[in-house]
Amino acid sequence: MEIRTVLHMFDPMPHVSPFDINMAVDAGFDAIFPYPNVTLEQVHGLVQDAIFSRGPSGVKRTGLFIGGRDLGLALSMLEAARKAMVPPFEISVLADPSGGFTTAAALVACVEKQLAEKHGLTLEGQHAIVFGGTGPVGIATGVIASLAGADVTLVDPFNIDTALEKAKEYNARCGSRLKGTYASSDADKARLIAHADLVFCTAKAGIQVLNADVLGDATQLKVAGDVNAVPPLGIEGIKAKHCGEPLQHAVHAPGAVGIGALAVGDVKYKLQNALLRYLLSSEKPVFLDFREAFQRARELV
Ligand SMILES: NC(=O)c1ccc[n+]([C@@H]2O[C@H](COP(=O)([O-])OP(=O)(O)OC[C@H]3O[C@@H](n4cnc5c(N)ncnc54)[C@H](OP(=O)(O)O)[C@@H]3O)[C@@H](O)[C@H]2O)c1
């Protein structure tokens, strides 16, 4: 009988995300075990408890998923898991806290594709702003776009210190070159959007961040992407299914196009599914984060 596949799901939060459990089921794992409230210090012991029981062929049928809402903690847990392996007893690991790595990778890949198709440009040197930029999806979006060559500013809705701290923390951790600022009013947003080539909207669900008036201040905007699928959507005029439709309210930015949450979500679903399956299909153990996610997302779009 073939050895059954197992996914252990570590999460520092009180609940493992039902979204991620559904994704693990859809990826075909036979048995899925959620572990809530896992601390960084516990990862080493838990991993070593998971790797020895099934023999060298069993480890290839065993995977580990790391969730939570804190990207830095998830990256530290991924590293702790990697260090806990004892070859040949090694299992593959995917970190995707708050869906941040796969959602951000899908968003940036979709924007990059529209930028190339509609404007003949790459991300290199593009001025990008990330609204909701201090949340998990926003930080991952900023890091991925920055590492791909864009000049990225994370925007916090209330506090410049939060934005500057997050930018500093993730630049040190990931090698990105993020900047930080805040925008608490439409006037602040208009000031930022006037000089943006790209807008990523990764704010809390159900909040309209950019209205038609603010979009009227865009002059060099080329592509805007929104990941909020809960009405009201994040950017007025971008519908959830839009994928390269003209951004109707950006009247002074000819050629600007929009990407909506369901278009991004379609890529995100395929991407997370592919990464979960890769945990089992890879010959050698793999340790996957936003880097692998973006590489795969580029292939998918
Ligand atoms: N399409 C997809 O496939 C997909 C997949 C996953 C997630 N999502 C969406 O991605 C978005 C981001 O997820 P997340 O987990 O990072 O969200 P989150 O943590 O709930 O919020 C993201 C950021 O939005 C900020 N924010 C709150 N109120 C705001 C306002 N009025 N204006 C601008 N920003 C505001 C938050 O700031 P504070 O922390 O200060 O409140 C936070 O930094 C959500 O809309 C989520 O539904 C989409």
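Start at 1 and go down the list; that is how both ligands and their atoms are numbered.
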**Q** Say you draw a straight line from OG of Ser76 to CG of Leu40; how long is it, rounded to the nearest 0.5 Å?
**A** 5.5 Å
**Q** What about Gly138: any of its N or O atoms under 3.5 Å from an N or O on ligand 1?
**A** no
**Q** Using a 4.0 Å cut-off to any heavy atom of Thr202, which atoms of ligand 1 qualify?
**A** 11 (C), 12 (C), 22 (C)
**Q** Between Val227 and ligand 1, does any nitrogen or oxygen pair lie at a separation below 3.5 Å?
**A** yes
**Q** Looking only at protein heavy atoms, which one is nearest to atom 26 (N) of ligand 1, and how far off is it?
**A** Pro157 CG, 3.6 Å
**Q** For ligand 1, note which part of Lys204 has a heavy atom under 4.0 Å away: side chain, backbone, both or neither.
**A** both
**Q** Who gets closest to atom 5 (C) of ligand 1 by heavy atom: Thr141, Thr103, Leu107?
**A** Thr103
**Q** For ligand 1, which atoms, with element, lie under 4.0 Å from some heavy atom of Phe158?
**A** 40 (O)
**Q** So which protein heavy atom does atom 18 (P) of ligand 1 come closest to, and at what separation?
**A** Arg69 NH2, 3.7 Å
**Q** Under a heavy-atom criterion of less than 4.0 Å, does Ser98 contact ligand 1?
**A** yes
**Q** Out of all atoms in ligand 1, which are within 4.0 Å of some heavy atom of Ile207? Include the element for each.
**A** 28 (N), 29 (C), 30 (C), 31 (N)
**Q** Below 4.0 angstrom from a heavy atom of Asn228, which ligand 1 atoms are there? Numbered from 1 as shown, please.
**A** 45 (O)
**Q** Which of the atoms of ligand 1 are close to Lys268, meaning less than 4.0 Å from one of its heavy atoms?
**A** 3 (O)
**Q** Counting heavy atoms only, which part of Ala205 comes closer than 4.0 Å to ligand 1: side chain, backbone, both or neither?
**A** both
